[in-house]
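Any value given below was found using the heavy atoms of this structure, including those in side chains, with hydrogens, waters and symmetry copies removed. Nothing fancy with the numbering, it's 1 onward along the sequence.
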Amino acid sequence: MTATAPRLGASPIRRPFAAAALVAALVSLLFGLMLAGAGPASAHAALTGSDPQDGAVVATAPKEVTLTFSEAIAVGDGSIRVLDPSSKRADTGAEPKDLSEGSTVRYGVELHPGLPDGTYTVAWQAVSADSHPISGAFTFSIGAPSETTVALPSEEVGGGPVGVVYGIARYAAYTGFILLVGGAAFVLGCWPRGASARPMQRLVVRGWVTLTAATLVMLLLRNPYTGSGKFADAFDLDGLQAVLDTKPGAALVSRLLLLGAAALFIAVLFGTYARREDAVEKKDLTFGLAVGGGVVAAGIAATWAMSEHASTGLQAGIAMPVDVLHLLAVAAWLGGLVSLLVALYRTPDIGSRAVRRFSRVAFGSVLVLAATGIYQSWRQVGSWSALTGTRYGQLLIIKVALIAVLLAVAWFSRRWTARLTDTAAASGGTEATDTAAAAPEDAEEVSGTEEAPDGVDPARAAQLARQRAVLTATKKKRIRDADPERSGLRRSVLAEAAVAVVLLAVTTVLTSTEPGRTEEEAGAGAAATAPAAAGPVNLSMPFDTGGQNGKGTVRIDIDPGRTGSNELHVWVDGSDGKPMDVPELKVALTLEAQEIGPLPVVPDRLAEGHWSASGVQIPMAGEWKVDVTVRTSDIDQVTIDENVKIG
């Protein structure tokens, strides 16, 4: 029979129900982004400053190099390295010193005394408080810039093949969690008879196996993922011990312990619970399993919340429980969706009552996702510019678009649900008895051990029993597939599940991406301290000392106009445009933003109206104020100034 789409007027109750879910999600997104505003950085530590600064030229070698970060980081031996122009270590090699004060996170390393002039490279690598590895490098010069042979790794920390495998394990872990929690919740809350259905049992068990295996892989790869990037270091016992002492390592171990409790839950759910016939006893057992399973599920979700984005930055005490609710809602919705798909495809029949229950669970999950999504958007994005101008914001837009598509498809699924409800009501409104003979591959497990009649070969009897089971299962499948309402719902739910797979992939990438708020703030800080483009500086400043022949123009050239050593030339022209000698000429440079200066410069007279100074040191890039003092007589003098960018 060919399935036909339901009429537009069908199910006046289900239509507003599904539409409300879609509207609620979209409105909540808009509202959440409207809430976005300025605030502290929320996750992924970023380098916000250093001493010496990137590109700075210092006259003498500093005793130490310090780095300032936007949030707490974990460091160890070799986390901060200073390399001289020949790639040799210029620091002492000791573990970085914690120089943090209050909310300022700062670490430093001591340098060897008597370092020669040249360009030095500072390479750093650490683990952010949200468990993600970070790294970077910059240069400064002593005396004057020079060539350097330092070759830094082309791959960022956390990348390469180890990073790819670790990312796959992260995706598998989220997938396993959704199947485990969502599948168990679907059985307990929506379809209790599904506890005895083999396809449902396989789904939940496979979710547990996937989550357990992925967690073990992540635990073993944690050391090379945040360090060397080599697979061989996965079995380094010292490295593994170091991982166990970190917050992410403790979270992974806690997850494994909770998965042990989850295994016991699964054994009871598909053992004692599935076989229990007494209604009162089964109700009591349902309550106990719901409470125990809920605690275990929340604990597993907390292992993410306590070690990733939610655990650091703005309002961490609120963000972590919100993140737990968000993960549980995702599992209930998407895991229940996959469970419904398995039930529709792999079991002989699932009653309309179970489908209606899941519809209510899905609607409640969407509301929770909307509420927690508002808070997470405000916390992680922070501004409209970060929404469109950062990778995190762009991924968030894609995620919301996928949710909108998923809800739109769900709207059609609910319409098929209405038709399924009407069909069930017409036939008496009772659910069919569910058996384990849901598919042909299950048939071999049915009646294979029944006792053979006298005179009949036991092997032959078992073969006949299997054949009868296959015929019975095939007949039920043919009847099931002939139901247009069931077929329509099955296709619609399959489309939902396909979108959910992509949505989960985007969400996994999103959880390992630097939040838009932090990326934008780090970019702004880098722009504020970035050196300007190098180039000769040319100034022309009129002056008037107030005395006779006191008017004229000062012209200044600073070449090459960058940090380090520069040549300074000054010309003084009279009001008639001809070179003009003055009794005294002084120059001073001030970088007010960094409270550097004034640095005095006393040029030498080369010719009439022409002065020069060589080796003028510009210690760092920025907007410098150039002060020129001109004296035209014993009592007539004036100081003029102009700002110029030197980089």
Using modelled atom types and a 3.5 Å cut-off, is there a donor and acceptor pairing between side-chain atoms of [X] and backbone atoms of [Y]?
X: Ser359; Y: Val355; answer: no
X: Ser307; Y: Thr303; answer: yes
X: Asp91; Y: Val82; answer: yes
X: Trp208; Y: Leu259; answer: yes

Exercise for review: Report the relative orientation of the aromatic rings in Tyr174 and Trp304; use parallel for angles under 30°, tilted for 30 to 60°, perpendicular for over 60°.
Suggested key: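 Plane angle under 30°, so parallel.
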
Check your understanding: Parallel under 30°, tilted from 30 to 60°, perpendicular over 60°: which one fits the rings of Tyr166 and Tyr225?
Key ->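 Parallel.
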
Rounded to the nearest 0.5 Å, what's the gap from [atom1] on [X] to [atom2] on [Y]? Could you check?
X: Leu325; Y: Ser365; atom1: CG; atom2: OG; result: 11.0 Å
X: Thr215; Y: Leu258; atom1: OG1; atom2: CG; result: 10.5 Å
X: Ile300; Y: Leu180; atom1: CD1; atom2: CG; result: 5.5 Å

Review point. Going through the distances and angles, do Leu83 and Arg81 end up as a side chain to side chain contact (heavy atoms under 4.5 Å, CB included)?
Key: CA-CA 6 Å; Leu83 307 175; Arg81 296 177 299 136; 4.3 Å; yes

Return the minimal non-hydrogen interatomic distance between [X] and [Y], and the atom names on each side.
X: Met218; Y: Arg255; answer: SD-NH1, 4.4 Å
X: Pro96; Y: Ser79; answer: CG-CB, 4.3 Å
X: Val65; Y: Pro52; answer: CG2-CD, 4.1 Å
X: Leu221; Y: Phe231; answer: CD2-CD2, 4.0 Å
X: Gly335; Y: Ile178; answer: N-CG2, 3.3 Å
X: Ala362; Y: Trp333; answer: CB-CD1, 3.8 Å

Just so I know, are the side chains of [X] and [Y] near enough to count as touching, which here means a heavy-atom distance under 4.5 Å?
X: Thr226; Y: Val243; result: no
X: Pro62; Y: Phe140; result: yes
X: Ser50; Y: Thr66; result: no
X: Leu369; Y: His326; result: yes

Review point. With no hydrogens and no angle check, do the side chains of Arg106 and Ser100 hold a donor and an acceptor under 3.5 Å apart?
Key: no

Check your understanding: Do Tyr273 and Thr286 meet the criterion of a side-chain donor-acceptor pair at a distance under 3.5 Å?
Key ->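 Yes, side-chain donor-acceptor contact under 3.5 Å.
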
Check your understanding: Does NZ or CZ of Arg353 fall inside the cone over Trp191's six-membered ring, less than 6.0 Å from its centre and within 45° of the axis?
Key ->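 No; the conditions do not both hold, so Arg353 does not lie above the ring face of Trp191.
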
Practice item. Check Leu67, Val75, Thr68 against Tyr107 for a side-chain contact (heavy atoms from CB on, under 4.5 Å) and give me the one that passes. Key: Val75

Exercise for review: Give the C-alpha distance, both sets of side-chain angles, the deciding distance and a yes or no for side chain to side chain contact (heavy atoms under 4.5 Å, CB included) between Gln125 and Ile134.
Suggested key: CA-CA 6 Å; Gln125 178 177 319; Ile134 54 175; over 6 Å; no

Review point. Where do Phe69 and Trp124 land on the ring pair (Phe, Tyr, Trp, His ring centres under 6.0 Å) test, with the steps shown first?
Key: CA-CA 11 Å; Phe69 296 89; Trp124 54 273; 5.2 Å; yes

Exercise for review: Could you walk me through whether Arg206 and Val209 pass side chain to side chain contact (heavy atoms under 4.5 Å, CB included), step by step?
Suggested key: CA-CA 5 Å; Arg206 286 169 181 170; Val209 171; 5.5 Å; no

Exercise for review: Apply side chain to side chain contact (heavy atoms under 4.5 Å, CB included) to Asn223 and Asp238, showing your working.
Suggested key: CA-CA 10 Å; Asn223 179 41; Asp238 291 336; over 6 Å; no

